[in-house]
Each structure stands twice: as C-alpha cells, then as structure tokens.
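Below is one structure. I have some questions about it.
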2 protein chains.
Amino acid sequence: MSDIRVLVVEDEPLLAEAHKAYTERVPGFVVVGVAHTARDAMAALRQRGGTDVDLVLLDFRLPDLHGLDVCRALRAAGSSVDVLAVTSARDLAVVRTAVSLGVTHYLLKPFTFAAFRDKLERYAEYRRQALADGEVAAQHEVDRMFATLRGATRHTLPKGLDEHTLHTVLAALGDGGLSATEVGQRTGISRVTARRYLEYLVSVDRAVRAPRYGTPGRPEMEYRPT
Amino acid sequence: MSDIRVLVVEDEPLLAEAHKAYTERVPGFVVVGVAHTARDAMAALRQRGGTDVDLVLLDFRLPDLHGLDVCRALRAAGSSVDVLAVTSARDLAVVRTAVSLGVTHYLLKPFTFAAFRDKLERYAEYRRQALADGEVAAQHEVDRMFATLRGATRHTLPKGLDEHTLHTVLAALGDGGLSATEVGQRTGISRVTARRYLEYLVSVDRAVRAPRYGTPGRPEMEYRPT
DNA sequence: ACGCTTGCGTTCATTCTGTTCACCCCTGCG
DNA sequence: CGCAGGGGTGAACAGAATGAACGCAAGCGT
C-alpha cells in the first residue's frame, strides 16, 4: 500500500509547517504540497490532475476564499478528493455545510497531535477498506466503512485512570485557577485522585501548573486548562 | 422541533411509493415530494429555494442522470441539503465518490425497513445536535455529531444477551442510582450478568454510568437510565 | 539562619471492576 | 432416549482505581 498523499492548505506559514510536520509523523502519510491561499490550493489540485493528491488538509479561514467555497468548487469540478477540515470555526452552520460537502473530518484548532493522528488514522483505515476496486456484498460492509471513518473517538488512557473521572475533573476545572484540593472538593473526589488526573492533563498538555505564593506554608499548585 | 422534510427520488413508481411509505412510518419525517428523474428532482429543489427540503432520498440509477451527478450539481449550486443514497450500486468507487460528496448514508437496495429506519433515525439525531445556531465548544462535541451520523449500527441484541433478562434489569433499575451489585441483588441475578445488561444499555445510550466517590477502594459504578 | 506552617507527593490497604471459564439448560438430531 | 451443540449464567480471579496516612518539601516570619 503506497503512502497517502496530502496537500496542506493553511495561510499562516508557521502553522502550515506544523501541520506538515504532524502529518509526516503519522506513518503512511506523505505531504506532497503546501498552499497558503485558496487560489494556490486549487491550482495545485488542478495541476496534479486530481489524481496525485488523496487528502487535503484544509484550513477554512483563508485570505482569498472560505474553505467551504474551495470544497464547493472542487465538487463542482468533479473532484472527489477527500478533505479534512482544520479550522477554528465553531459555527454549527459551518459544520453542517462541511458535512454536506463530504469533509471526512472536522478538526478544531488548536488541536493536540493525538487528536490529529486519530483523524488521519481513521481516514487511513477507511481508505484501506474503500480503495479496492471490488464491490460490496452487503449493507453491513458499507456501514463498517462509514463507521470506521466517523465512529466514536478511541482514546487510550494510561492504566489506573478512568475516563469518566477524567471528564469530571476537566469539567470541575472550568477556566482554571484551582488547586487539586479545590477540584477534589468540587467533585467529591479525594485530593489524591484529583491530583492524579490533573497531573495527567498536564502531561498531555491539556493543562498547566503554577504555584500560588504569598501565604505561609508550602505553596499550593494551581491548575489551569490550555 | 418540526418534522424533517424529505424528497423521494426514485424512477420506479412502485419503489417510490414504497420509500415514501417507509419514510412516513418513521416518526418525525414527512415526505414533501416525489421525483422520478434527476431533472424533476433538481427542478423540485430549485423551486423550493433549497430551504424547504431537509433530506433527499436519492436513487443513483435514474433515467437521465446518475445520482452522483445530481449531488455534484447540488453542491456546485451551493445547496447543502443532505442526501441519503438509496441504490443497488455496489461499486466501491461509487461509494467513495458518494462519501466525498457528503451523502449522509448509503443504503443498498433491497433493504429492510429496520435498516432504513436506522439510517433515518441516525440522521434525525445528528440533526438535533447540529441544527442549533450555537457554536461547538470542544472537539468531542463535533466528534459526537459525526459518530451519531455514522457510528456502528446495532439493531439486534448481541449474542449472549436475552431479551427477558434485559427487561428485568431495566425494571429493577427504576430511576437509577444503582450499582451492578445492587441491581443483581434486587433481581436475583448475579452481579456479572446484571453488569452485562447494564453495559449493553449504556452502549445503546439507554443508560449512563458514573462512579461513586468518597470511600476507599475502587469506586462503584452507578447506573442511571436516560 | 532556623523553625513554623501548610500542603505536596507517595505508598499502600481496600474495595469493586471486568473477564474468564466451567457449568447448566434447552433444543435439535440420530 | 441418549448425545452433541450453543446460548446464557455465575463463581472465581487478577488487577484497576480510590483514598487514608505519612514523611518531606517549600515558602514565610522572626
């Protein structure tokens, strides 16, 4: 199976580099181009005849056109290249339209590498199933393809940590500025456990810690989500 | 929440009637039109201004144009109406293209009413989440929308589960707040079996689980029906 | 400096989870 | 009527997640 060829479309040069680096950290993917505007992106896709790019990492906020318009133009031109929306647009109307235009996934900026990799790996798996030139025999095969692409996110937590507790802690943390003890009080969880989860969040860059000075005694650690 | 308005596109008159009847058997859906050709379908959609139809049940094998071309024309015209592909085309290439054009689902003919209803109900649930004019706060909310639309299907009880036991467990659960052990005690079923059924209920969103904190030792899981 | 104060970070007992596997019951078949 | 097979159940077990206890770390005050 040859690599999946990706075109990165992102106007901010630093982010474009970051997305490129992220993509190439995922086995099976290779970046074949970077575009900074909608015009460049469409030119790159046209030039390549629509067969040399498998997946477009498309920022929706571009200087010249909106990403949704790029999608529409692609579809109108008969291209069936796959699109992964990478954007900070949180409007449900935009999500709806993106879905109707067939984006494979919709990744909110800023994102962690884990979230990014999850989307790419799902796409790779979908592609493995869909790329064959054969035919599907039964409904459940089609269902499985759709589910592979869009099914619930799998997230692997370290041992000793529980997913539900993690959500509870995250919710209690709110906008941050809380110590482990305070999070514990808010959730009914013990300080020890609250700390366990807060430290996990720090370890995966979903929170930061800072000491609280000014009072006697050892300073308290204050956690804040990122 | 008003009904979801459906346009049925199917050239075979008998099948068109059948699809219409099926659709109206699903609560929350209403058929607002039937078209027998691609031309008719596009005319109907244009006439209605693109805002009076929420979902198109689209046969791909039409006398004048292929369903895929209808999709492409819709997208090119800026319509973001949702499309449920209903077709006997089993080519993976067709499925791939359909996905890239944003079809919500792909239903192989011939199909059972159960399979059909599953697709419509998933779409309704997706719509409920996506229709608000608000904004999404986090990645997992978008993920849930995609998963609702495309997640794995489960219409029958998995092996190893018995319907009668399921009802017993559901009845014992009452308003919730019970652990697997407690449900077991109330029903005379073992904890293991009670848990088996409770977890099934969670997996199909008919119950939620939350840990009970405060005491030493691994927390108990508390189940609550939704 | 040096103690004082306060909470951090860790260890470990505790309790319940999740899984495995043997058993039992039912059904179909020779 | 005996036997094989499969689906559903529960006893036993390995280990997962929590919180109490405790020693030590880290600022503050004199």
Side-chain angles (χ1 to χ4, degrees), chain A residues 152 154-173 176-204 206-225, chain B residues 154-173 176-225:
Chain A
R154 57 200 161 155
H155 32 301
T156 322
L157 280 180
K159 300 219 169 184
L161 268 60
D162 175 73
E163 186 184 337
H164 191 279
T165 308
L166 180 63
H167 280 119
T168 306
V169 167
L170 251 179
L173 191 54
L178 295 179
S179 71
T181 306
E182 287 159 353
V183 169
Q185 284 169 354
R186 287 195 179 197
T187 53
I189 299 173
S190 75
R191 176 186 64 87
V192 175
T193 300
R195 181 182 169 283
R196 214 175 265 141
Y197 285 87
L198 290 167
E199 284 301 317
Y200 166 72
L201 289 174
V202 170
S203 79
V204 294
R206 298 196 51 184
V208 292
R209 341 176 317 163
R212 244 184 219 167
Y213 302 107
T215 59
R218 180 170 177 165
E220 244 176 319
M221 280 300 176
E222 196 174 87
Y223 295 83
R224 190 175 299 278
Chain B
R154 166 131 312 160
H155 5 41
T156 56
L157 227 49
K159 280 196 176 179
L161 267 60
D162 174 72
E163 196 167 335
H164 183 266
T165 311
L166 180 63
H167 283 121
T168 307
V169 167
L170 250 180
L173 190 54
L178 294 179
S179 71
T181 307
E182 287 158 355
V183 169
Q185 284 169 354
R186 288 196 177 195
T187 54
I189 299 173
S190 77
R191 177 188 66 88
V192 175
T193 300
R195 181 185 169 281
R196 216 174 263 139
Y197 286 87
L198 290 167
E199 284 301 314
Y200 167 73
L201 290 173
V202 170
S203 78
V204 295
D205 278 334
R206 297 193 51 184
V208 293
R209 354 175 310 165
R212 258 183 209 165
Y213 302 108
T215 59
R218 180 168 175 163
E220 239 175 324
M221 281 300 177
E222 194 174 273
Y223 295 83
R224 190 176 299 278

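Throughout, protein chains are lettered first and strands after them, A, B, ... in sequence-line order, and every chain is numbered starting at 1.
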Query raised in the report: Who are the side-chain hydrogen bond (donor to acceptor under 3.5 Å, both in side chains) partners of Thr193(B), not counting sequence neighbours?
Result: Ser190(B)
Requested in this report: Mind checking salt bridge (charged side-chain N to carboxylate O under 4.0 Å, His left out) for Arg195(A) and listing every partner two or more places apart, or none if nothing turns up?
Outcome: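 Once residues adjacent in sequence are excluded, Arg195(A) has no partner under the salt bridge (charged side-chain N to carboxylate O under 4.0 Å, His left out) criterion.
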**Report entry** Residues forming a side-chain hydrogen bond (donor to acceptor under 3.5 Å, both in side chains) with Thr168(B), sequence neighbours excluded
**Finding:**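 Scan of Thr168(B) (side-chain hydrogen bond (donor to acceptor under 3.5 Å, both in side chains), adjacent residues dropped) gives none.
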**Report entry** Residue mapping more 5' on DNA chain D - nearest nucleotide basis, Tyr197(A) or Arg191(A)
**Finding:**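 Mapping each residue to its closest nucleotide by heavy atoms, the 5'-most match is Tyr197(A).
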Report task. Identify, with sequence neighbours excluded, every residue that meets salt bridge (charged side-chain N to carboxylate O under 4.0 Å, His left out) alongside Arg209(A). Result -> Glu199(A)
Requested in this report: Shoot me the first and last contacting nucleotide of DNA chain D against chain A, ordered 5' to 3', at under 4.0 angstrom to non-hydrogen atoms.
Outcome: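 Extent of the interface on DNA chain D: dA16(D) to dC28(D).
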Query raised in the report: So, for Asp162(B) and Tyr197(B), which heavy atoms are closest and what is the spacing to 0.1 Å?
Result: N-OH, 2.6 Å
Query raised in the report: Pick the nucleotide of DNA chain D nearest each of Gly160(A) and Gly188(B); which residue has the one closer to the 5' end?
Result: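 Residue closer to the 5' terminus by nearest nucleotide: Gly188(B).
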**Report entry** salt bridge (charged side-chain N to carboxylate O under 4.0 Å, His left out) pairs, two or more places apart, involving residues 179-190 of chain A
**Finding:**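 Residue pairs with at least one partner in residues 179-190 of chain A: Glu182(A)-Arg212(A).
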Query - Boundaries of the chain A footprint along DNA chain C (any atom under 4.0 Å from a heavy atom) - result: dT5(C) to dT10(C)
Report summary line: Residues at least two apart in sequence or cross-chain that pass side chain to side chain contact (heavy atoms under 4.5 Å, CB included) with Ala207(A), listed by chain then number, are Leu201(A), Val202(A)
**Report entry** Toward the 5' end of DNA chain C, by each residue's nearest nucleotide, Ser179(B) or Tyr223(A)
**Finding:**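 Closer to the 5' end of DNA chain C: Tyr223(A).
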Query raised in the report: Among all residues two or more places apart in sequence or in another chain, which pass the side chain to side chain contact (heavy atoms under 4.5 Å, CB included) test with Pro211(A)?
Result: Tyr213(A), Pro219(A), Met221(A)
Query - Sorted by number, the residues of residues 206-216 of chain A with heavy-atom contact under 4.0 Å to DNA chain C - result: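 Going residue by residue through residues 206-216 of chain A, the ones with a heavy atom under 4.0 Å of DNA chain C turn out to be Arg209(A), Pro216(A).
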Query raised in the report: Considering all heavy atoms of both residues, which atom of Val183(A) and which atom of Ala172(A) are nearest to each other, and what is their separation?
Result: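 Scanning both residues, the minimum pair turns out to be CG1-CB, 4.3 Å.
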Requested in this report: Would you kindly compare Arg218(B) and Glu199(B) by the position of their nearest DNA chain C nucleotide and give the one closer to the 5′ end?
Outcome: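 That would be Arg218(B).
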Requested in this report: Quick one: list whatever passes side-chain hydrogen bond (donor to acceptor under 3.5 Å, both in side chains) with Arg224(A), sequence neighbours left out.
Outcome: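 Only Glu222(A) meet the side-chain hydrogen bond (donor to acceptor under 3.5 Å, both in side chains) criterion with Arg224(A).
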